[in-house]
K.L.:
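What follows is a structure written as C-alpha cells; I'll ask about it next.
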Amino acid sequence: MSAVVVVVAAVVVGLFLWLRTYAPLDAHGPVSPGPGLGAAVEPTFGSGGKTVFIPTYRPGHHFDTQLTLHNGGRFAVTVTGIGAVPGPLTPAQLIDPVHDRPLGALRLDPHDDAIVVLRWQLACGPKDKEVASDRVRLRYRYLSWFTRTQAVALPFAVTLRCAAAPPVSP
C-alpha cells in the first residue's frame with residue numbers, strides 16, 4: 001500500500017513540475033511593421049533567416065509590429081501582458097489591431113492563433129548606441145493555478161540605432 005502512495009505522489013509531483021514549465025506560445029508571420037520604420041533589411045547570411053526592422057528614433061514615439069501569436073499547447077492560455085525588460089528598446093504592450101487599444105487579456109484555446117500588434121517603447125539615452133531584440137517575454141495564465149512568463153522568439157528582429165550609433169554602411 002505504501003509503495004502505491006509513493007508512486008502516486010511521484011506522478012503528482014512530476015505532473016506538477018511539468019505543468020510549471022509549460023511553454024506553449026510561439027509567434028510567426030506574416031509580419032508587418034507600423035509607421036516609423038526607418039529600414040527593413042531582408043534576411044541575409046548570418047541573420048538566422050529573420051527580417052530586421054530598424055525604426056526611426058524620435059523621443060516620445062513608439063514603434064509597432066504586427067504578428068501572429070500561436071498556442072501550440074494542450075491547454076487554453078490567457079495572455080495577460082508583457083514581462084518588463086528595461087532598456088532603450090522595450091516590448092511594451094500588446095495592442096488590439098482592429099481597435100488600436102491595449103489588450104486586457106487575450107485567451108488562446110489549444111492550437112489557436114491571434115493577430116496582435118506588439119508596441120515597442122523607444123527610449124535612447126546619451127550613452128546608448130545600438131540595441132536589438134528578437135524575443136518578447138509574455139505573461140500568461142493556464143489551468144487556473146499557474147502563471148508563467150515565457151520568452152517567445154519573434155519571426156523578425158528589431159534594431160534601434162540611437163543618436164550615438166555609427167551610421168549605417170552599405
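All of these numbers come straight from a predicted model, not from anything done at the bench. When reading the values below, keep in mind they use all heavy atoms of this one structure, side chains included, and skip hydrogens, waters and symmetry mates.
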K.L.:
Taking atom CD of Gln93 and atom CZ of Arg101, what is their separation to the nearest 0.5 Å?
P.N.:
13.0 Å

K.L.:
Any idea which heavy atoms bring His111 and Gly72 closest together, and the distance?
P.N.:
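Scanning both residues completely, I find the closest heavy atoms to be CE1-O, 3.5 Å.
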
K.L.:
Which residue pairs pass the side-chain hydrogen bond (donor to acceptor under 3.5 Å, both in side chains) test when at least one of the two sits in residues 25-39, sequence neighbours left out?
P.N.:
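Passing the test, one end in residues 25-39: no pairs.
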
K.L.:
Please table the atom pairs, donor to acceptor, closer than 3.5 Å between any side-chain atom in residues 77-84 and protein atoms at least two apart or in another chain.
P.N.:
residue: Thr80; atom: OG1; partner: Arg139; partner atom: O; Å: 3.4

K.L.:
Please determine whether salt bridge (Lys or Arg N to Asp or Glu O under 4.0 Å) holds for the pair Arg119 and Asp100, giving the CA-CA distance in whole Å, both sets of side-chain angles, and the decisive distance to 0.1 Å.
P.N.:
CA-CA 10 Å; Arg119 180 157 289 164; Asp100 194 31; 3.4 Å; yes

K.L.:
Once you round to the nearest 0.5 Å, how far does CZ of Phe75 lie from CG of Leu143?
P.N.:
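Reported to 0.5 Å precision, the distance equals 5.0 Å.
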
K.L.:
Under a 4.5 Å cut-off applied to non-hydrogen side-chain atoms, are Thr51 and Val31 in contact?
P.N.:
no

K.L.:
In Å, rounded to the nearest 0.5 Å, how long is the span from CG of Leu122 to NE2 of His61?
P.N.:
10.0 Å

K.L.:
Look up atom OG1 in Thr65 and atom CG in Leu154, then write down how far apart they are to the nearest 0.5 Å.
P.N.:
7.0 Å

K.L.:
I'd like to check Val131 versus Thr159 (side-chain heavy atoms, cut-off strictly below 4.5 Å). Are they in contact?
P.N.:
no

K.L.:
Take Glu130 and Leu160 through the test side-chain contact (heavy atoms from CB on, under 4.5 Å) and record every step on the way to the result.
P.N.:
CA-CA 6 Å; Glu130 183 174 284; Leu160 177 63; over 6 Å; no

K.L.:
Are the side chains of Leu94 and Pro102 in contact, using a 4.5 Å heavy-atom criterion?
P.N.:
no

K.L.:
Step by step, would you call Leu118 with Asp64 a side-chain contact (heavy atoms from CB on, under 4.5 Å)?
P.N.:
CA-CA 6 Å; Leu118 176 58; Asp64 293 345; over 6 Å; no

K.L.:
With salt bridge (Lys or Arg N to Asp or Glu O under 4.0 Å) as the rule and sequence neighbours excluded, what pairs involving residues 88-99 come up?
P.N.:
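Applying salt bridge (Lys or Arg N to Asp or Glu O under 4.0 Å) to every pair that reaches into residues 88-99, excluding sequence neighbours, yields nothing.
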
K.L.:
If the condition is side chain to side chain contact (heavy atoms under 4.5 Å, CB included), which residues does Thr90 pass it with, not counting sequence neighbours?
P.N.:
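Only Gln121 meet the side chain to side chain contact (heavy atoms under 4.5 Å, CB included) criterion with Thr90.
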
K.L.:
Are Tyr140 and Arg148 close enough, and set up right, to give a side-chain hydrogen bond (donor to acceptor under 3.5 Å, both in side chains), and what steps lead you there?
P.N.:
CA-CA 6 Å; Tyr140 59 94; Arg148 180 165 160 63; 3.3 Å; yes

K.L.:
When you look at Ile95 and Val116, which way does the side-chain contact (heavy atoms from CB on, under 4.5 Å) test go after all the steps?
P.N.:
CA-CA 6 Å; Ile95 305 293; Val116 297; over 6 Å; no

K.L.:
Would you compute the distance between atom CG of Leu138 and atom OG1 of Thr149 and round it to the nearest 0.5 angstrom?
P.N.:
8.5 Å

K.L.:
Between Leu37 and Thr56, does a side-chain contact (heavy atoms from CB on, under 4.5 Å) hold up when you go through it step by step?
P.N.:
CA-CA 6 Å; Leu37 181 66; Thr56 302; over 6 Å; no

K.L.:
Over 60° means perpendicular and under 30° means parallel, so tell me whether Phe53 and Phe156 are parallel, tilted or perpendicular.
P.N.:
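Judged by the thresholds at 30° and 60°, the geometry between Phe53 and Phe156 is tilted.
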
K.L.:
Hydrophobic cluster mates of Val85, side-chain heavy atoms under 4.5 angstrom, ILVMFWY only, any path?
P.N.:
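Val85 shares its hydrophobic cluster with no other residue.
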
K.L.:
What distance do Leu25 atom CG and Asn71 atom CG have between them, rounded to the nearest 0.5 Å?
P.N.:
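CG of Asn71 is found 6.0 Å from CG of Leu25.
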
K.L.:
Could you pull out all residues at least two apart from Arg107 that satisfy side chain to side chain donor-acceptor pair (under 3.5 Å)?
P.N.:
Asp109

